[in-house]
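What follows is a short report on a single structure.
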Amino acid sequence: MTSCPLEAACATSCGPWDGRVDIVVEYDSPDPLQEVDDAWLDLALRFGLFGENRQFLLLVNLHDDPYDSDLYWARVRLQENWTVAGSNSATINGPARDGLATMSQAGDVIIVGTTNQEDMSVLAVPRPHRASAIRKFAQFILRDGKLTADEAENVTRWLARD
């Protein structure tokens, strides 16, 4: 599997010129958590997040502290009863400070959920390997020289995609 480098999955840095699509949910909406779940599912279906058996990748943190991250892409399956917004009306649950990050197994779309001061946002970046902000960061990671040989090969393959 050739996936977006973890550190480069910065979809919130992408703009409309990268194909970014946003759905914003105001906190004072009648049911903001359900609206966030609906927005995530809408984007997931629209951009093909789910693979066989409704599987996709979820960015997870092996540490409890979001400021002490050990991130990796985990293959998960959407169950019948699910939520991305959770039960906390002020957050979208996610492993890192930036909220929830999901990606198709083929790496064709990244969908993230974030919280802002006045609203929550769910956004999709199709073909993230073409998005300028993500490409630049992935190239920076390669130049930085801190990747293992396997990680560097994965990033190089990911950047070379059509």
Side-chain angles (χ1 to χ4, degrees), residues 1-25 33 35-63 66-67 69-79 82-86 91-116 119-144 146-147 150-162:
M1 171 183 60
T2 303
S3 62
C4 178
L6 301 169
E7 301 85 354
C10 50
T12 56
S13 299
C14 298
W17 53 87
D18 292 313
R20 176 178 164 167
V21 175
D22 287 83
I23 300 175
V24 176
V25 176
L33 300 179
E35 288 183 41
V36 166
D37 284 349
D38 293 345
W40 182 82
L41 184 60
D42 173 42
L43 293 176
L45 293 172
R46 190 183 329 172
F47 291 105
L49 178 72
F50 305 121
E52 185 178 332
N53 297 321
R54 297 167 38 140
Q55 291 185 351
F56 61 99
L57 301 176
L58 174 67
L59 191 62
V60 298
N61 186 358
L62 297 178
H63 294 199
Y67 294 95
S69 300
D70 185 9
L71 302 174
Y72 74 99
W73 289 114
R75 185 175 304 150
V76 296
R77 178 177 301 143
L78 187 69
Q79 299 295 313
W82 61 271
T83 180
V84 295
T91 63
I92 295 175
N93 295 325
R97 296 179 302 278
D98 298 330
L100 177 78
T102 58
M103 182 173 57
S104 68
Q105 291 181 82
D108 297 330
V109 64
I110 292 176
I111 301 175
V112 300
T114 62
T115 55
N116 306 301
D119 57 37
M120 294 176 278
S121 175
V122 181
L123 62 100
V125 177
R127 297 175 305 283
H129 60 284
R130 293 183 180 172
S132 57
I134 294 174
R135 286 191 68 78
K136 286 178 186 175
F137 201 83
Q139 291 164 345
F140 167 78
I141 291 168
L142 275 176
R143 285 191 310 272
D144 192 34
K146 295 181 181 175
L147 298 176
D150 287 344
E151 291 169 335
E153 183 180 328
N154 181 56
V155 173
T156 301
R157 277 194 321 264
W158 187 79
L159 284 168
R161 295 177 63 170
D162 285 335

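Heavy-atom minimum distance, G19 versus P126: O-CD, 3.3 Å. Minimum heavy-atom separation, S132 to W17: OG-NE1, 3.6 Å.
You'll find the side chain of V25 stays beyond 4.5 Å of the side chain of V122, heavy atoms only. Contact annotation: the side chain of W73 never approaches that of L58 to less than 4.5 Å [non-hydrogen atoms, C-beta and beyond]. Within the 4.5 Å cutoff, no side-chain heavy atoms of I134 are placed close to those of D18.
In terms of the side chain to side chain donor-acceptor pair (under 3.5 Å) criterion, residue partners of E151 (sequence neighbours excluded) are, by chain and number, T148. By the side-chain contact (heavy atoms from CB on, under 4.5 Å) test, A124 pairs with L43, F47, V109, I111, sequence neighbours left out. With sequence neighbours excluded, the residues forming a side-chain contact (heavy atoms from CB on, under 4.5 Å) with S13 are C10, A133, listed by chain and number. D108 is linked by a salt bridge (charged side-chain N to carboxylate O under 4.0 Å, His left out) to R161, counting only residues two or more places apart in sequence or in another chain. Qualifying side chain to side chain donor-acceptor pair (under 3.5 Å) partners for D42, counting only residues two or more places apart in sequence or in other chains: R46. With sequence neighbours excluded, the residues forming a ring pair (Phe, Tyr, Trp, His ring centres under 6.0 Å) with F56 are W40, F50, listed by chain and number. With sequence neighbours excluded, the residues forming a side-chain contact (heavy atoms from CB on, under 4.5 Å) with D22 are R20, S121, L123, listed by chain and number.
Listed by first and then second residue, the side-chain hydrogen bond (donor to acceptor under 3.5 Å, both in side chains) pairs that reach into residues 50-59 come to none, sequence neighbours excluded.
Remark: M120 CE to L33 CG distance equals 5.5 Å, nearest 0.5 Å. For the atom pair L57 CG and Q105 CD, the distance stands at 5.5 Å (nearest 0.5 Å).
In this structure, R135 contributes its side chain and H129 its backbone to a donor-acceptor pair below 3.5 Å.
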Determine, step by step, whether L142 and L159 satisfy the side-chain contact (heavy atoms from CB on, under 4.5 Å) criterion, reporting the C-alpha distance in whole Å, the side-chain angles of both residues, the deciding distance to 0.1 Å, and the verdict. CA-CA 10 Å; L142 275 176; L159 284 168; 3.7 Å; yes
